[in-house]
Student: 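Take a look at the following structure, please.
Quick caveat, the model's predicted, so the values are computed rather than measured. Excluded from the calculations below are hydrogen atoms, water molecules and symmetry mates; all remaining heavy atoms, backbone and side chain alike, are included.
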Amino acid sequence: MTSTISDKFADYLRRAQHLPPADASRGGDGAQDGVGTVVRLWEATSLSANDFADEAARFFGLRRVLLPDLMAARTLAGQFSRRFLRETLVFPFQEQDGKICLAVVDPGETAASQAASIVLGDDVITVVASFEDIATALNQSLGEETAEGPDGAEEVAPREDDIESLRDLASGAPVVRAVNDLLELAVELRASDIHIEPGRNGLAVRMRVDGLLRTVQAPVGVLPQAVISRIKIVASLNIAERRLPQDGAARLRIGRLEIDVRVAIMPTQHGESAVIRLLPKDRGLLAVDKLGFSPRDEKTLRRLLALPHGMIVICGPTGSGKTTTLATVLSILNEPTRKILTIEDPVEYEIPGINQSQVKPSIGLTFATALRSFVRQDPDVIMLGEVRDSETASVAVHAALTGHLVLTTLHTENAAAAVPRLLDLGVEGFLLRSTLRGVIAQRLVRQLCDRCKKEKTLTAEDLDHDPRYAALGFQAGDALCEPVGCERCNGMGYRGRLGIFEILEMTPAVRVLVEEDADGAAIDEVAIREGMTTMLDDGIAKCRAGVTSASEILRVTTVR
């Protein structure tokens with residue numbers, strides 16, 4: 001498409017209010033790449049692929065064809081190279097009355113039509129089709145998406161050495177739009193992760209919303225390998241490497257949001273699986289009252305943070321909100337009078353005023369090596385993303401001994417279990433007694449939707465029918481709230497999450513138990529006797545307050 005035709009079409013779209021005035025000039029800035037130009041013009045509009053094709057046909061005065069027309073016609077794609085068809089995004093076919101047609105997405109680009117006339121003759125009729133329709137027709141006619149056998153459809157993967165073709169396909173408009181649609185849907189659903197999993201019959205896509213996976217519609221009309229390759233390209237990964245796991249990252253703008261994404265690729269039996277973690281940059285202010293701490297636990301937390309040195313550990317499984325709690329704690333400590341250094345994997349929250357670093361094991365920058373350098377940077381507070389090994393644990397304890405406040409995370413079931421875990425990692429008992437100030441354990445539970453939750457008074461029949469109520473100590477006559485489901489929460493009955501916590505303070509009675517053979521159960525018992533509120537108790541209190549449900553409490557924690 002020449003710059004003049006591009007500008008005229010852009011003006012047409014602007015007059016029809018499909019293209020914002022500020023973006024109207026984008027149509028003509030890429031005359032060196034016809035398909036790329038029309039793709040950029042399409043992405044600047046709010047139109048779907050079909051609506052954009054309708055407008056193109058109307059502007060250029062050409063006939064519009066739909067996917068059923070393309071599929072019913074006799075394909076002539078075999079007379080052209082696959083690379084030509086992919087790069088120009090055209091589909092040659094013969095109609096039942098014998099007329100030869102060329103379906104295009106960009107009628108203003110005449111080079112493809114001229115090439116088709118040389119191959120098919122001068123009587124080729126140009127028609128307009130959408131990006132997705134042409135891509136689907138090409139995939140079927142070229143045998144790249146499926147190949148019919150005696151048993152039906154079976155996936156056919158690209159050849160191992162066909163990397164350039166796969167790269168071209170992954171950069172095509174249908175695949176780009178398919179991946180963008182997945183990201184937009186994830187943002188709309190407030191998903192934290194996108195799971196793209198290959199199977200025998202194609203891709204399966206699930207999104208983790210409020211901690212639970214939800215199945216969504218997989219991209220249609222695109223090759224599964226092309227979707228994975230597109231994700232690799234976005235995350236700056238090697239699309240030629242299909243045998244080893246890969247990790248990458250990118251910063252994207254989706255709608256009005258700027259988000260960071262972390263991509264993890266894993267080879268599986270039927271192809272490569274991808275998990276995309278979404279990290280929105282506008283998460284709002286990090287405040288303790290948004291985490292879900294009870295007034296008593298919040299007071300304990302602030303007392304721990306007022307200590308000049310020592311180690312505070314946050315415990316919980318993957319996905320329990322430890323990083324968010326750490327970031328909130330750092331935002332409380334973040335004052336001009338303090339120097340705060342962090343080493344993370346990855347940096348999920350960017351906090352102005354804090355010096356944040358990311359580990360790079362490939363060049364030797366690990367948690368342990370970073371900590372050794374940190375102590376020479378004259379910090380007041382050090383945040384360590386995770387204690388993973390004996391070396392890191394030892395360096396962290398010694399940093400706490402030398403007058404620093406050290407914040408870190410650990411994977412344990414509850415707060416008391418952090419003590420034997422640190423001892424198991426090689427920390428001496430007398431050092432742990434001297435440095436450990438407190439342990440925070442947490443889980444995330446789904447919040448009941450404020451718009452549709454329903455209050456219910458328990459009866460004896462309810463207690464007999466659902467033993468979970470009795471397990472949590474509820475009795476007949478207690479008033480609770482239960483999920484219902486509405487449009488706001490997509491029929492789930494829940495919207496958003498908050499934490500349930502327990503904070504273990506190293507009181508003199510607890511400190512006595514920190515020996516080489518410390519028993520987590522004994523520490524837990526003493527801490528409860530001295531007033532520690534367990535995660536279960538905190539969850540029950542939130543359940544009685546109508547914030548969450550009994551089933552959610554038992555989903556993330558156990559009765560002890």
Side-chain angles (χ1 to χ4, degrees), residues 185-195 206-216 257 259-260 262 275-294 297-298 301 314-329 331 348-349 409 411 413-415 440-454 468 472 480-503 533-558:
L185 178 60
V187 171
E188 180 183 338
L189 294 177
R190 301 174 296 103
S192 59
D193 302 88
I194 306 173
H195 295 249
R206 296 184 290 173
M207 296 186 181
R208 190 174 295 279
V209 181
D210 292 336
L212 295 182
L213 287 173
R214 180 186 304 179
T215 301
V216 299
L257 292 179
I259 65 172
D260 281 348
R262 312 293 179 193
V275 177
I276 306 172
R277 169 154 290 189
L278 307 178
L279 307 169
K281 307 311 294 179
D282 58 344
R283 295 190 178 191
L285 296 176
L286 297 167
V288 175
D289 56 355
K290 294 183 179 180
L291 296 179
F293 279 101
S294 66
D297 284 344
E298 182 178 342
L301 174 63
I314 300 177
C315 301
T318 301
S320 61
K322 300 187 300 296
T323 303
T324 302
T325 301
L326 267 180
T328 303
V329 167
S331 68
E348 294 190 11
Y349 290 89
T409 69
H411 287 141
E413 182 180 358
N414 54 41
I440 303 169
Q442 68 178 79
R443 299 288 189 277
L444 290 177
V445 295
R446 293 182 294 170
Q447 287 182 270
L448 289 168
C449 176
D450 290 334
R451 182 172 297 177
C452 65
K453 66 180 179 181
K454 180 179 68 175
R468 292 177 296 188
L472 294 176
L480 303 176
C481 288
E482 292 190 338
V484 177
C486 64
E487 290 183 0
R488 180 174 181 267
C489 60
N490 293 317
M492 301 300 293
Y494 298 93
R495 183 179 174 84
R497 290 189 291 175
L498 80 163
I500 56 175
F501 302 89
E502 64 184 30
I503 301 182
T533 302
T534 66
M535 286 185 288
L536 182 66
D537 293 336
D538 190 32
I540 293 173
K542 289 179 170 65
C543 189
R544 292 185 183 276
V547 177
T548 188
S549 65
S551 59
E552 272 297 290
I553 301 304
L554 289 177
R555 182 178 67 85
V556 301
T557 188
T558 56

Student: How long is the gap from CD1 on Ile194 to CG on Leu213, to the nearest 0.5 Å?
Tutor: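 So the CD1 of Ile194 and the CG of Leu213 are separated by 12.0 Å.
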
Student: Working to the nearest 0.5 angstrom, can you tell me the gap between Lys322 NZ and Leu444 CG?
Tutor: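 Atom-to-atom, Lys322:NZ and Leu444:CG are 9.5 Å apart.
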
Student: One pair to check against side-chain contact (heavy atoms from CB on, under 4.5 Å): Arg495 and Arg451. What are the steps and the verdict?
Tutor: CA-CA 10 Å; Arg495 183 179 174 84; Arg451 182 172 297 177; over 6 Å; no

Student: If I take atom CD from residue Glu298 and atom CD1 from residue Ile503, how far apart are they, to the nearest 0.5 angstrom?
Tutor: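 Between Glu298 CD and Ile503 CD1, I get 9.5 Å after rounding to 0.5 Å.
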
Student: Looking only at non-hydrogen atoms, find the nearest pair between Ser294 and Asp538 and report the distance.
Tutor: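 Of all heavy-atom pairs spanning Ser294 and Asp538, the closest is CB-OD1, 4.2 Å.
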
Student: Locate the shortest heavy-atom distance separating Leu448 from Glu482; write the atom from each residue and the value.
Tutor: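 Of all heavy-atom pairs spanning Leu448 and Glu482, the closest is CD2-C, 3.9 Å.
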
Student: What do the steps show when you test Gln442 against Leu291 for side-chain contact (heavy atoms from CB on, under 4.5 Å), and what is the final call?
Tutor: CA-CA 10 Å; Gln442 68 178 79; Leu291 296 179; over 6 Å; no

Student: Which atoms form the tightest heavy-atom contact between Val209 and Ala191, and what is the distance?
Tutor: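 Looking at all heavy atoms of both residues, the closest pair is CG2-CB, 4.0 Å.
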
Student: Using the test side-chain hydrogen bond (donor to acceptor under 3.5 Å, both in side chains), find all partners of Glu552 that sit at least two apart in sequence or belong to another chain.
Tutor: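 Once residues adjacent in sequence are excluded, the partners of Glu552 under the side-chain hydrogen bond (donor to acceptor under 3.5 Å, both in side chains) criterion are Arg446, Arg555.
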
Student: Quick check: do Asn414 and Thr557 have side-chain heavy atoms less than 4.5 Å from each other?
Tutor: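 Side-chain contact under 4.5 Å: no.
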
Student: Evaluate the side-chain proximity of Asp260 to Arg262: yes if any heavy-atom separation is below 4.5 Å, no if none is.
Tutor: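 Yes, at least one pair of side-chain atoms sits under 4.5 Å.
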
Student: Look up atom CD1 in Ile276 and atom NE2 in His195, then write down how far apart they are to the nearest 0.5 Å.
Tutor: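 Spacing of CD1 (Ile276) from NE2 (His195) equals 10.0 Å.
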
Student: To the nearest 0.5 angstrom, please state how far the CE atom of Met492 sits from the SG atom of Cys486.
Tutor: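 Here the rounded value is 12.0 Å.
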
Student: Any side-chain to backbone donor/acceptor pair from Lys453 onto Gly546? Under 3.5 Å, distance only.
Tutor: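 Confirmed, Lys453 side chain pairs with Gly546 backbone.
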
Student: Using a 4.5 Å cut-off on heavy atoms from C-beta on, say whether the side chain of Phe501 contacts that of Leu301.
Tutor: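 They are not in contact (no side-chain heavy atoms under 4.5 Å apart), so the answer is no.
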
Student: Less than 4.5 Å apart, side chain to side chain, heavy atoms only: is that true for Leu498 and Val445?
Tutor: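 SC-SC contact between Leu498 and Val445 confirmed.
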
Student: Is it the case that Tyr494 and Ser549 place a side-chain donor and acceptor less than 3.5 Å from each other?
Tutor: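 Yes, because at least one side-chain N or O of Tyr494 sits under 3.5 Å from a partner of the opposite role on Ser549.
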
Student: Which atoms form the tightest heavy-atom contact between Cys543 and Ala550, and what is the distance?
Tutor: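 Answer, listing the atom of Cys543 first, then Ala550: SG-N, 3.5 Å.
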
Student: Quick one: does Thr558's side chain get under 4.5 Å of Glu413's, heavy atoms only?
Tutor: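 Result yes, sub-4.5 Å side-chain heavy-atom pair found.
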
Student: Output, in order, the C-alpha distance, side-chain angles, deciding distance and verdict of side-chain contact (heavy atoms from CB on, under 4.5 Å) for Ile440 and Val329.
Tutor: CA-CA 12 Å; Ile440 303 169; Val329 167; 5.6 Å; no

Student: With a 4.5 Å cut-off on side-chain heavy atoms, are Thr324 and Tyr349 touching?
Tutor: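 A side-chain contact exists here, since the closest heavy-atom pair is under 4.5 Å.
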
Student: Quick check: closest heavy atoms across Gly539 and Thr548, and the distance to 0.1 Å?
Tutor: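 Scanning both residues, the minimum pair turns out to be O-CG2, 4.3 Å.
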
Student: I'd like to know if the side chain of Glu502 and the backbone of Met535 have a donor-acceptor N/O pair within less than 3.5 Å.
Tutor: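 Such a contact is found between Glu502 side chain and Met535 backbone.
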
Student: What distance separates Ser551 OG from Arg468 CZ, expressed to the nearest 0.5 Å?
Tutor: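 Reported value, rounded in 0.5 Å steps: 5.0 Å.
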
